[in-house]
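In what follows, a single structure is set out as structure tokens and then discussed.
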Amino acid sequence: LITWNAMLDGYAKTGHLRKAKTLFDSLPQRNLISVTVLLVGFAQSGNLSDAKRIFTTMPERDTVSWTAMLAAYTQNGHLEEAKLVFDTMPQRSLVSWNAILSAFVQNGVHLEQTKALFDSMPERDMVSFNAMLAAYSWSGYAEDAAKMFGIELPDRNLVSWNTLLSGFAENGHVCQARSLFLQMPERDLLSWSAMLVAFAQNGRFASALDTFESMKTLELPDHLCFREIFLVCNHVGKASMGRSHFASMQLDFELEPTKHHFCCMVDLLSRAGYLEDAEDLIKTMPFLPD
RNA sequence: CGAUCUGCAU
């Protein structure tokens, strides 16, 4: 049963919900965990109604499944329902508290209210602190976030660094973002791409391209990075560079270009005057043009 | 074996 649940989780986490559902239906044994995994899978793919249906029909619920339902509402932008779940759930763990805190943060509740919730929590961990850090960044208080990072955080991890980094980036503080980036004890894909986006969105196109080149030696860039790079190539009018990244994304990194990538490339080629190539690309792409 | 924090748009 544990193995089946792990498989279920694997399908659900990679977005293969059809397979997950089929596997779930064919399981000889299921438990609370199997059902919760499926609930989370639906919620994360944006299928709130099925998630809700699973929740209301499940034979038993524990704190994990209640919190999963709370998060499901949060992820789909339903703050009021998330609050309601929080208020009605029989027990609340630290994770439940963190989940409602994130609900506030992600749905843009006023900073004061979010801080009040944070202060009222019976206990806090790094996830709580990181969520609060994000709240400051999101509201444009990158400085306060930095202060909190320096003083109040009991500990810091890579997520804390990344949160602060993106806070600087979002507020246009590219230089501070850069120095923070250089100071970081370790960097992951999110750190690199936050830095890349920071440069790109503040007009530092050459730095963005340099960052991308460095990043490729250490991390596997994902769809988001390539999308950003195509935008950069577009801004600086480097169609040939865009083309080679487009090829590289498929050949070297085995990433399937999405509609957005094709869209960027068509835009890039058209602006650079390669209209026939742009048309060819539209004809050969595996999507219907819209 | 399951729930909560960080990058994002032609």
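Each chain gets a letter, A, B and so on, in the order its sequence line appears, and its residues count up from 1.
- With respect to the salt-bridge test (charged N to carboxylate O, under 4.0 angstrom), the residues A:D87 and A:K83 do not qualify.
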Item to check | Letter per nucleotide, 5' to 3', of nucleotides 3-10 of chain B [B base touched, S only sugar-phosphate touched, - untouched; heavy atoms, 4.0 Å] | outcome: BBBBBBBB
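- Grouping Ile, Leu, Val, Met, Phe, Trp and Tyr residues whose side-chain heavy atoms lie under 4.5 Å apart, directly or via other members, places A:L224 in a hydrophobic cluster with A:V197.
- Separating the CD1 atom in A:I100 from the OG atom in A:S96 is a distance of 9.5 Å, to the nearest 0.5 Å.
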Quiz: residues 274-290 of chain A side-chain donor-acceptor pairs under 3.5 angstrom, not counting sequence neighbours:
from   : atom 1 : to     : atom 2 : distance (Å)
A:D277 : OD2    : A:R243 : NH1    : 3.1
A:D277 : OD2    : A:R243 : NH2    : 2.9
A:T284 : OG1    : A:D280 : O      : 3.0
A:T284 : OG1    : A:L281 : O      : 3.2

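- If you take CE of A:M58 and P of B:G2, they are 15 Å apart, rounded to a whole angstrom.
- Of the options A:F212, A:F262, A:F246, a ring pair (Phe, Tyr, Trp, His ring centres under 6.0 Å) to A:F226 is made by A:F212 and by none of the others.
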